[in-house]
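For reference, the structure discussed in these notes is given below.
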Amino acid sequence: MAVYIIKLLVLLPIMAGLIFAALWLYRRYQPGLINVQQKRSIKILETLPIGNFAKLAVVEFDGQKILLSVTRGRVERIAAKGDTL
């Protein structure tokens with residue numbers, strides 16, 4: 001029983017440290033997080049899935065909002081702010 005408690009006291013902080021390190025790495029290297037996007041000139045403002053493999057995305061570039069259709073093999077501009085449909 002004492003060996004079990006000693007193993008627990010040694011391995012528990014190691015596991016907690018590994019979990020903390022994994023979460024820190026995930027936050028640091030995950031693309032698309034808000035604090036990462038603030039440094040970029042292109043920002044994804046919103047996305048909306050419209051099917052199995054298609055999305056609508058509102059992207060801001062150079063102060064202009066652009067509506068894009070995104071599928072597996074294609075990205076098309078649908079409209080930009082100021083366009084007439």
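Just so we're clear, the structure is a prediction, and the values are computed from it rather than from any experiment.
The same ILVMFWY cluster, assembled from side-chain heavy atoms under 4.5 Å apart, contains both V75 and I42.
The hydrophobic cluster analysis finds F53 isolated: no Ile, Leu, Val, Met, Phe, Trp or Tyr side chain comes under 4.5 Å of it, directly or through other members. When hydrophobic side chains of Ile, Leu, Val, Met, Phe, Trp and Tyr are connected at separations under 4.5 Å, L23 ends up clustered with I19.
Remark: I50 CD1 to L56 CG distance equals 4.0 Å, nearest 0.5 Å. Taking CG from N52 and CZ from R72, the interatomic distance works out to 9.0 Å, rounded to the nearest 0.5 Å.
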Identify every side-chain donor-acceptor pair in residues 58-71 under 3.5 Å, counting partners at least two apart or on other chains, and give the distances.
unit_1: T71; atom_1: OG1; unit_2: R74; atom_2: N; d: 3.4
unit_1: T71; atom_1: OG1; unit_2: R74; atom_2: O; d: 3.2

